[in-house]
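It should be emphasised that the depicted structure is a prediction, and the values quoted were computed from it without experimental measurement.
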Amino acid sequence: MKMFPIRLLWRFKVFVLIGFMIGAAQIFLAYKLLRLPITGNETTEERDLNRRLYEKYVKKSSTGADGIILSVGDSDKRTADGTGRQGRDAKEGNPNQHILRLDELDFVPPCELTRKETVSAIHRAKSQSCKAKIVEIACEIQAGKFYPQRLPNYCPRGDHSPNRALGCFRDEKNFRILSGYYSTFKTNNSPEKCIRLCLQSGYPFAGVQYGYECFCGDELPKASAKLPDSSCNIKCPGDPKQACGGYFAINVYETGIRKFAAQSTEAVPRQADETVRIAFLLTLNGRAVRQVHRLLKALYSPRHYYYIHIDARQEYLYRELLKLEPKFPNIRLARKRFSSIWGGASLLQMLLSCMEYLLYESDWHWDFVLNLSESDFPLKTVDQLVTFLTANRGQNFVRNHGREVQRFIQKQGLDMTFVECDNRMWRIGDRPLPAGITIDGGSDWVCLSRDFARYVTGEGSAKQDELVRGLLRVFEYTILPAESFFHTSLRNSRFCHTYTNNNLHMTNWKRQLGCKCQYRHIVDWCGCSPNNFRTEDWERLQASQHKKLFFARKFEAAVNQAIVLQLEEWIFGPYPADYPNLHSYWQNVYHHEDTSTLADGALLNVAYSLLRTNARINSVQLYEPLRIREITHYFERDAYRGFLVRYEAMAQGETDPIELETWISPVVTAKVTRSTPLARRLIHLEVSTEYDEKEQLSRNFPRIIGTNAEPALIFRLAAPLESERLKGANATNFSLTVEWINPVGTIVASSHFTIEDNPNGPPHSFNHFLKGSKLKLPLAEGIWGARLLQGKVLLGATRFLAVASTFREANEQQVAAADGDDHERHTHRQIIPLRRGSSGANGATSKIRAKERKPSPVGHSGDRHDRNDRWQDAEDHPLQLDKLVEQFFTIRETCGAVGTFRADGKHQGQQFDDCKSTSWSSLATDPKSDIYVESETSN
């Protein structure tokens, strides 16, 4: 009988095992529930978002010749050294990953550096000066001499005292006494560590519980929850001499700051208030001079000031805007210019330098400084802005990130050191942030009072207080420093009561498109950027009418000018019906006076080729094309209409050149089969470069592809027809193939990929792109083909022309000697018979030509590849290039830009219209972007 229970248990062993597993699961779940974080960082899904993005977008090209792993590892959790990259490194097992190769340096490092990120940055840096800078900073950090360990907090704290113990309190799982933030420190928790964390996060109260738990909150615990001190009896793992709470018992402390609240704003000023003056600080980049003029027209008033900083590399924009100074005494360009990169520390240096000029060198008397870019545009009039700022004189307008501080710190990479050199931000390792202050941040678009601007720039001298000096050191080695420096200075200074959580901006965030790690080529990080507003976003802009928002961003006329026009008419009233060129936009892409920026050699080669063709077959045969002066993109109603080439030409028998401008449009080369339902939805197919994932377009508008550029196949699928949109149907994955065909008709690469098609999704088109990463560069010069297939079914095919990426100008002395003319005349004669492009491309072409002396092959697109699709011998290269270029571009019109005109407006000796009288020329009237016309009428 004694054995019966055992036998019975054995018979039901399966049920016993299941019961045991259920019990264990319940115990585990109960344990997890007791430790469930409120809003904290126990999970890592959001903690390392940028590190995972960096891994996703960079890992394919992250291992350089030095064998250093640049990307984040397979695990999202940090390793002991804080790099968060143990997974992949363990797999690689490279013994040299932490060894600095001294033979690459022309100096001796002052310390031994073994941190992986530091070694990687040193090896990847191009110049010795950059390598030396990284080494110097890394060694100082390693010695503990670089960053301030603690900074003072000058914000009035009321009756709050740092580290003051308030006692032991009863806590509840469902109603936490401190409910702001939660974290755990399993091995080193202590009151001091928890207080530092909560103070950094902006909470006035901190609490330790159950040994390793840390809570932060805004509200003082109720006296009714007070417990005897003996109830908090668990020793702290970081300091056994102190107690870190108990079981649902918490030791509470003051962090030393009071509860923070941003200031509210007034809408209407008092009658006695004097209206404020604004210093608009425009920080500009690019070549969109007409869009800048349009912005200035919307903002301009003689009462305010306009200080313009233009990136040091942008010669064209600087030259054009410098013309404003003689006309407008309240517009001035910065002479001290910076070359800033996305996320670079130099951006903060530039802003502070501009503020110093406005404060200490100019004689302008302003009350607020407000920074804008070429991508901003007002939502209201300047008068409305002045009324609002006058009612809130002395306030400082910044935008907070709106999330938990610790997550913001990690998302922004504020807990890491970045070094800017070689036009890149190099990540060299983790760092602790200074104790004693609250970290804040958000947007780098701000509106600051004169007093606060004076404070952060040094109160009129180079002697900032300890807080500002320390923050400048921290943010000099921080990615996106302008997004945090002003906020953190404001929160911890005597100006904390002027903090207004509104930067007066509406920003077009579409994070699914804007977080594509598009700046990985200049930053060891992945950040997000806002998208351009388009006409479909109009309702969002209209909704700002009754909000305290005065600007929106981003706008880019080359992407969508119609939304800018719509906004202008909404604010200032409609344009007249007969307003000239209202829907046209021009943007310069090349100017012969630029020296610091490298010209697009493929663009120049194509342009010169088309000018030769134009002179040969059109009405300009009496004029020899000489030097190209400018190339301009031309848009009409947000459609790319082509590029305009302005150039010097010499008439036969004349000694003085004239200027002409020729309009050239690209030709559509794609063919779609319409053979399948998917093929019938194919509405766009092209090969181009410079694909912008965020804006879903190619910025190579004329589709001129150099031999050193990596082409991409771009196609768009229309939404499924209503009959094809099956209710409840699942998303379909389509397996597609792209084949790349070289100029002799051979398939040299193919790529397979999958796209997802959701029949229940919104009815819009889908843009896709696939880079030709399998193609070896440089490309062979000539006509290439690309085919898009679904299985073996051809969906569509297109062709593109690969042109030499380098452009060789004529040697002026050789030309002068050959022609026997004076040197002065031939300073203009820079067009020459173009020779072959890169040696690699020509070598590849020569080998193919020698190997394949056979009849013209038929490509997989069904097109017959003729020998004329590729270069012939070097001596007839210009003629052959011209024949190929003609297949991809159409010469539209030519007008006279500068020269002698007859009384009827035509060029003397030729039938050229005056470019100013056309609707398409870059010299055509464009009053919407003419700030001079507007100022004359307003004054």
Side-chain angles (χ1 to χ4, degrees), residues 49-50 53 262 265 280-286 288 291-292 294-295 298-299 340 342-343 347-348 351 369-380 384-385 388 396-403 407-408 411-412 440-448 479-487 499-519 525-561 563-564 566-568 570-571 692-696:
L49 171 64
N50 285 315
L53 281 172
T265 55
F280 292 96
L281 172 54
L282 275 62
T283 58
L284 308 180
N285 209 331
Q291 180 63 18
V292 173
R294 208 165 174 178
L295 173 62
L299 296 176
S340 57
W342 185 91
L347 177 60
L348 176 59
L351 290 173
V369 57
L370 188 152
N371 66 322
L372 299 170
S373 77
E374 70 281 352
S375 301
D376 291 273
F377 208 78
L379 294 170
K380 296 178 175 68
Q384 291 173 296
L385 174 63
F388 176 77
N396 289 282
F397 297 88
V398 296
R399 183 63 180 173
N400 179 264
H401 49 79
R403 67 181 69 212
R407 289 183 178 176
F408 171 74
K411 176 182 176 296
Q412 289 287 106
D440 197 3
S443 169
D444 55 353
W445 306 103
V446 298
C447 180
L448 305 179
I479 191 173
L480 299 165
E483 294 188 1
S484 295
F485 171 76
F486 297 111
H487 303 66
Y499 187 114
T500 304
N501 189 20
N502 176 11
N503 68 345
L504 314 181
H505 269 74
M506 171 187 284
T507 305
N508 190 22
W509 284 108
K510 296 179 181 178
R511 296 187 185 275
Q512 185 176 3
L513 294 174
C515 299
K516 296 292 186 181
C517 207
Q518 61 266 42
Y519 301 107
W525 198 247
C526 278
C528 302
S529 292
N531 286 71
N532 289 313
F533 279 104
R534 300 175 186 247
T535 49
E536 57 263 30
D537 301 309
W538 176 242
E539 290 186 2
R540 289 185 56 202
L541 295 171
Q542 274 187 313
S544 68
Q545 183 175 9
H546 301 295
K547 298 179 181 179
K548 297 173 182 178
L549 299 172
F550 296 86
F551 299 91
R553 65 187 319 271
K554 291 181 170 181
F555 295 93
E556 188 177 359
V559 173
N560 190 274
Q561 183 185 223
I563 189 66
V564 180
Q566 196 170 4
L567 194 53
E568 278 182 330
W570 186 53
I571 299 170
D692 185 338
E693 295 183 61
K694 180 168 65 73
E695 299 301 334
Q696 299 285 284

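- A side-chain N or O of Lys548 and one of Thr265 form a donor-acceptor pair less than 3.5 Å apart.
- With hydrogens and angles ignored, the 3.5 Å screen pairs a side-chain donor or acceptor of Lys380 with a backbone N or O of Ser544.
- At a cut-off of 3.5 Å, with distance as the only test, a side-chain donor of Arg540 or Asn508 sits close to an acceptor on the other residue.
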Does Asn371 form a side chain to side chain contact (heavy atoms under 4.5 Å, CB included) with Trp445? I'd like the steps, not just the answer. CA-CA 6 Å; Asn371 66 322; Trp445 306 103; 3.3 Å; yes
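- Atom OH of Tyr499 sits about 10.5 Å away from atom CG of Asn396, to the nearest 0.5 Å.
- Separating the CG atom in Asp440 from the CD atom in Glu483 is a distance of 12.0 Å, to the nearest 0.5 Å.
- Atom CD of Glu536 has more than 12 heavy atoms from other residues, nucleotides or ligands within 6.0 Å.
- Between the OG1 atom in Thr283 and the CG atom in Leu347 there is a gap of 7.0 Å [rounded to 0.5 Å].
- A side-chain hydrogen bond (donor to acceptor under 3.5 Å, both in side chains) with Asn532 is found for exactly one of Lys694, Arg553, Glu695, namely Glu695.
- Between the side chain of His505 and the main chain of Thr507, no donor-acceptor pair closer than 3.5 Å is present.
- A donor atom on one side chain and an acceptor atom on the other are not found under 3.5 Å apart for Arg407 and Gln412.
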Any chance you could lay out the side chain to side chain contact (heavy atoms under 4.5 Å, CB included) test for Lys554 and Asn531, step after step, and finish with the verdict? CA-CA 6 Å; Lys554 291 181 170 181; Asn531 286 71; over 6 Å; no
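- Here the closest non-hydrogen pair linking Ser529 and Tyr519 is OG-CE1, 3.1 Å.
- Closest approach of Phe551 and Pro378 over heavy atoms only: CD2-CA, 3.8 Å.
- Within the 6.0 Å centre-distance limit, the rings of Phe388 and Phe550 are counted as a close aromatic pair.
- The two residues Phe397 and Asn502 come nearest to each other via the heavy atoms CB-O, 3.0 Å.
- Ring planes of Trp570 and Trp538: perpendicular class, angle over 60° (limits at 30 and 60°).
- The side-chain heavy atoms of Leu567 and Phe533, taken from C-beta on, include no pair separated by under 4.5 Å.
- Put simply, the side chain of Asn400 never gets that close to the backbone of Gly442: no donor and acceptor are under 3.5 Å apart.
- In plain terms, the two heavy atoms of Asn560 and Ile563 that are nearest each other are OD1-N, 3.1 Å.
- Partner of Leu448 under the side chain to side chain contact (heavy atoms under 4.5 Å, CB included) criterion, out of Leu351, Leu281, Val369: Val369 alone.
- A salt bridge does not link Asp692 with Lys516: none of the charged nitrogens is closer than 4.0 Å to a carboxylate oxygen.
- Using a 4.5 Å heavy-atom cutoff, the side chains of Trp342 and Leu480 are in contact.
- Taking both residues in full, the closest heavy atoms of Gln518 and Gly527 are given as OE1-O, 4.2 Å, listed atom of the first, atom of the second, then distance.
- Remark: Phe486 CZ to Leu348 CG distance equals 5.5 Å, nearest 0.5 Å.
- A donor-acceptor contact shorter than 3.5 Å links the side chain of Ser373 to the backbone of Ser375.
- Side-chain atoms of Glu374 come within 3.5 Å of backbone N or O of Asn285 as a donor-acceptor pair.
- Expressed to the nearest 0.5 Å, how far NE2 of His401 lies from NE2 of His487 amounts to 8.5 Å.
- Taken together, the cysteine pair Cys526 and Cys515 keeps its SG atoms at least 2.5 Å away from each other.
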Evaluate side chain to side chain contact (heavy atoms under 4.5 Å, CB included) for Arg294 paired with Glu568, printing each intermediate quantity in order. CA-CA 10 Å; Arg294 208 165 174 178; Glu568 278 182 330; 2.8 Å; yes
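- In this structure, Leu282 CG and Leu295 CG are separated by 5.5 Å, a value rounded to the nearest 0.5 Å.
- Between Leu504 and Leu385, the closest side-chain pair of non-hydrogen atoms falls below 4.5 Å.
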Glu693 vs Leu513, side chain to side chain contact (heavy atoms under 4.5 Å, CB included): CA-CA, chis, key distance, verdict: CA-CA 7 Å; Glu693 295 183 61; Leu513 294 174; over 6 Å; no
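- Under the side chain to side chain contact (heavy atoms under 4.5 Å, CB included) criterion, Arg399 pairs with Ser443, Asn501, Asn503, sequence neighbours left out.
- The nearest pair of heavy atoms linking Thr535 to Gln566 is CG2-OE1, 4.4 Å.
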